[in-house]
Amino acid sequence: MYAKNGGYIIILLVILIGFCGKTEGATVTCEPQYGFLPCTSETWGRLFLIVVYQYLIALAQSYVSEGSDKFFGLVGPGIFGASLFHIIGNFPSLYLVLQSGLSNNVEGAASSTGMGMSILTGSIVMNLTLIWPTVITFGSYSLSDDDDDDDSDLQQSAEDEPSFFTKLTAYGVKTDNETSNSARIMLASVIPFTLLQLPSIINSTSITRVILLITLILVVSLYITYVTYQMFQPLAQNRIFEYVTQQFVKSKLETLLSTNGKPNVRIIKEIYTGIDVNHDGQVSKTELKTLLVGMQLQSDGAISDDFVEKVMEQFGVSGDEFIQEGEFVRIMTKWLRETRKSASRDDDFNPLRFFIKRNGPVDEEEQTSPLIPKESPKLQISILEYLEALSLVAFGTAVTMLISSPLTTNVWTFASNANVPSFLIPYFVIPCFSSISRILSTIKSASQKTERAASLTLSQIYSGVAQSSLTSLTTFLAIVYIKDLPWDVTAQVLVVLIISGVMTFFTSTRTVYPLWMGYAIYLLYPASLLMLYFLTVGLTKLLADNAPKAMKEQKFESYFERKIAIDASMSIYQFLIVVGRTGTEMLTNEAGEVTSHLQGMFNRTIRLLESGLKPVYVFDGAPPDLKKQELAKRYSRREDATAGLNEAIQSGNKDDIEKFSKRTVKVTKQHNEDCKKLLRLMGVPVIEAPSEAEAQCAALCKADKVYAVASEDMDSLTFGAPKFLRHLMDPSSRKIPVMEFDVSKVLEELNLTMDQFIDLCILCGCDYCDSIKGIGGQTALKLIRQHGSIETILENINRERYQIPEDWPYEEARRLFKEPLVCVDEEQLDIKWSAPDEEGLLNFLVAENGFNSDRAVEKIKASKNKSSQNRLESFFKPVASTSVPIKRKETNEKGSKEPANKKAKAGGGRKKK
DNA sequence: ACTCTGACTCAAGACGCT
DNA sequence: TTGAGTCAGAGT
DNA sequence: AGCGTCC
């Protein structure tokens, strides 16, 4: 059976890889993970992949749990059962939780740590508010104690069934005391979450770290306690053991009973081997007991040795003798026949009859009787068995590790493309996926509708929660502490606390859960979603004082097919400064004209086209008057630098030459014209802004002509570009992810209006005017918050402390930001991307500027390939984004971002790596 | 003690070869 | 030029 | 990954 499933996994993988290969021919714009896993840039393709990956993970997890169950069955309760068993069983989900935190990507560390915690929170809450009530609703039976066995299935016999509302109180589930005990243990495991809440109350980074350490120590000691407890209190372990074997035997028996006609000897033999854990070819008394447990022979309480003896007698053996396979098959067959005919007498100890009417009488008096077989099953070790278990675990784990990273990336991208709120992904989607199999098995086992089944299943949930929160929390805290990662888990922690608090209230004191309670607790799940939503959204607002996260990291590839406006002058400047320049030397053509900018622009544009982006380059027009002052200053500085350069050349100081030559770089009209020509030849649209290029970019974005503005200059935000990308060009050379800013979110989280935001930017310093001495990002934000506008600030500010520049033209600057001179008429409509004019391009590059023709041809080809596939329009609108620290340009920018980290903003001390 | 500012420094493109 | 990172000093 | 080359 494992082999069959293993076959599925392998076949699926092969299909996937084949799928990948197919994609490769036509469209490869995405990077296959590990070089062979398929990938896609289309949204629905992603969905498909997600489903497949998820299925694979579910399979893998079932392997791991089967394997670890097998281990447990082999070893039985003991030190292994107490410790390793849990860890192994939890490994796949643990890995899912932590893989994000393990990434080396420091930039994304904050979000990944948050993500790990969200997954943990999500699965805890899901266990408690979805799986838990499932036990109640699926496992409920009449709580009144009459012995009518007919209500075995609530849904079926509608006639004599009580009404739905009556059932709410009259039906339900009972559990034993041990279950409440597990609940209390689970509660204890949640205690550390309280500590994690402290940093948001206390405003100190150092204390935060101490708290982190204390929490870590607490969690570890709790974990040790938990393991120790289980070692010396085999109660809990025995429950799991029973649960495990019960699952196996039960499923077999169900198949057996569901086949009509002749008893299926093969399955009976399978059961026999299943029970015969040590594979010595015979079933002992202890092993038989396992069978009886699996049959749910008694609705609660232990199987008495007495009873086992009697059943043994049925098999013709007694005491320490063994049951042989042939005998086993014979008796089982007999039982089956009898059961079908229901001709058996009551005292003949046919356990199957009890199994069939699972909802047998509940004997409350026996509730307190010991649940545990007096002797734990002592099983002999079979190497083969171990190997099988081991390989199951190893295989499942390997598949999980392999798949989980592609799964999560796909899930994220899908979510962002489909506009799913991002917090739902780690909180709902991922735990949901990994819980599916658990939900199913829970339904199955709860459907037995016996106290024992309910108790076992609930215990299983509690201990599952306790284990996963302890293991995950330990690892999470350790990583965060050791790597000193930023973390802000206030919202998740609160949700866990509230949910588990409510659940504790429900569960700690009682053993009877009426049906209504199950339904009520279902409601907690949506409630927790709302709670988390308001906490994340609300909190950031509340914390807006510091660093709202209004930004989202994006993969470079996720901008496939997106139209992006780029400020050309900025790029040209960069190219001139950096491309092929050594001292005063630059890349030139034969005529001695500089071609650095062409080289850079060509390469970059090719790269963009190859990635499927649609760039629009916007060139600067005439600078506004205000900026002229600034420009004049720059000009004079450049003069100085030129003088310095000459001096340096004469003195031969290389460092100085280097330094000054950088400063003397100037983008000339000629450079601009060259680039425009190049771009037009490449089929890339070029727009000439009447004034500021940044402003024009923003206008294009506002007019929905482009998806976003890409720039390194934060002025774009001030100009109100709805979407703003930073580091778009960087990922190739550096490992910085693209940051996507959403102005509306920025405003929302800063809790400012656009006008206020503009004022803020002016205060922080802009190209148009000076800033006020002594006011940086922080103070500016505070002042704006407090007073609302520059005017009011000026009225209220302490003029002694802050020297306000004379003739401070803030109003003018504001006007430039608010109503920049941009071109809005339909002239812009001709933003069209066309195929490159190869001939013209080659002529221009090779003939006029001395480019290597082979290289040029090759690159043009590359870009053409990709751009032809660009035709596949994506249906999906640009994506909403979330969360980022706000920044402002100038030094102060750091003012607002960096403090964001330090400020211990209520969000909990974030530390920077 | 903690926060904020401002002054300082540094690097800045993109590709391919080894 | 720009931003990023660091550091010292001044301000609470 | 580091370093030279692109023109």
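These numbers were taken from a predicted model, which means no experiment stands behind them. In what follows, chains carry the letters A, B, and so on, assigned in the order in which the sequence lines appear, proteins first and then strands, with residues in each chain numbered from 1.
- A salt bridge does not link A:R562 to A:E740: none of the charged side-chain nitrogens sits closer than 4.0 Å to a carboxylate oxygen.
- A:R855 has its CZ atom 11 Å from the C1' atom of B:dC17, to the nearest Å.
- For the pair A:D620 (side chain) and A:A693 (backbone), a donor-acceptor distance under 3.5 Å is present.
- For DNA chain D, the outermost nucleotides in 5' to 3' order that have an atom under 4.0 Å from a heavy atom of chain A are D:dC6 to D:dC7.
- Looking at A:D674 and A:Q670, their side chains do bring a donor and an acceptor atom within 3.5 Å of each other.
- Comparing A:G774 and A:E858 along DNA chain B, the residue whose closest nucleotide (by nearest heavy atom) sits nearer the 5' end is A:G774.
- For A:E610 and B:dC15, the CD to C1' distance is 11 Å, given to the nearest whole Å.
- Listed candidates were C:dG3, B:dG13, B:dA7. Nearest to the side chain of A:K773 is B:dA7.
- One can place CG of A:D567 at 13 Å from P of C:dG3, the figure rounded to the nearest angstrom.
- For residues 566-593 of chain A, the set of pairs meeting the salt bridge (charged side-chain N to carboxylate O under 4.0 Å, His left out) definition, not counting sequence neighbours, comprises A:R581-A:E658.
- Put simply, CG on A:L781 is 10 Å from P on B:dT5, counting in whole angstrom units.
- Ring geometry for A:F851 against A:F602 counts as perpendicular: the plane angle is over 60°, on a 0 to 90° scale with 30° as the lower cut.
- Closest approach to the A:K859 side chain among C:dG3, B:dC15, B:dA14 is made by B:dC15 (side chain taken as heavy atoms from C-beta onward).
- Of the candidate nucleotides B:dA7, B:dA14, C:dA4, C:dA4 has the atom lying nearest to any side-chain atom of A:H727.
- For the atom pair CD1 (A:I572) and CD1 (A:I577), the distance works out to 13.0 Å, reported to the nearest 0.5 Å.
- On the P atoms, D:dG2 is 14 Å away from B:dA11, given to the nearest whole Å.
- Going from atom CZ of A:R607 over to atom P of B:dG16 covers 12 Å, rounded to whole Å.
- Nucleic acid contact for A:S571: none, since no nucleic acid atom lies under 4.0 Å from a heavy atom of the residue.
- When rounded to the nearest whole Å, the span between CD1 of A:I772 and C1' of C:dG11 equals 17 Å.
- Between the CD atom of A:E639 and the P atom of C:dT1 there is a distance of 13 Å, rounded to whole Å.
- The separation between A:R581 atom CZ and B:dA11 atom C1' is 11 Å, rounded to whole Å.
- Residue A:T595 is in sugar-phosphate contact alone, with no base atom involved, counting any heavy-atom pair closer than 4.0 Å across all strands shown.
- Exactly one residue among A:T718, A:I790, A:I772, A:L816 makes a side-chain contact (heavy atoms from CB on, under 4.5 Å) with A:I762. That residue is A:I790.
- Side chain of A:R604, nearest nucleotide from B:dG6, B:dG13, B:dC15: B:dG13.
- For the C1' atoms, the distance from B:dC15 to C:dT2 is 24 Å, rounded to whole Å.
- Taking the P atoms as reference points, D:dC7 lies 40 Å from B:dC8, given to the whole Å.
- A side-chain N or O of A:Y617 and one of A:T605 form a donor-acceptor pair less than 3.5 Å apart.
- Candidate nucleotides B:dA12, B:dC15, B:dC4 were compared by shortest atom distance to the side chain of A:K782, and B:dC4 ranks first.
- Within the 4.0 angstrom heavy-atom criterion, base atoms lie near A:Y573.
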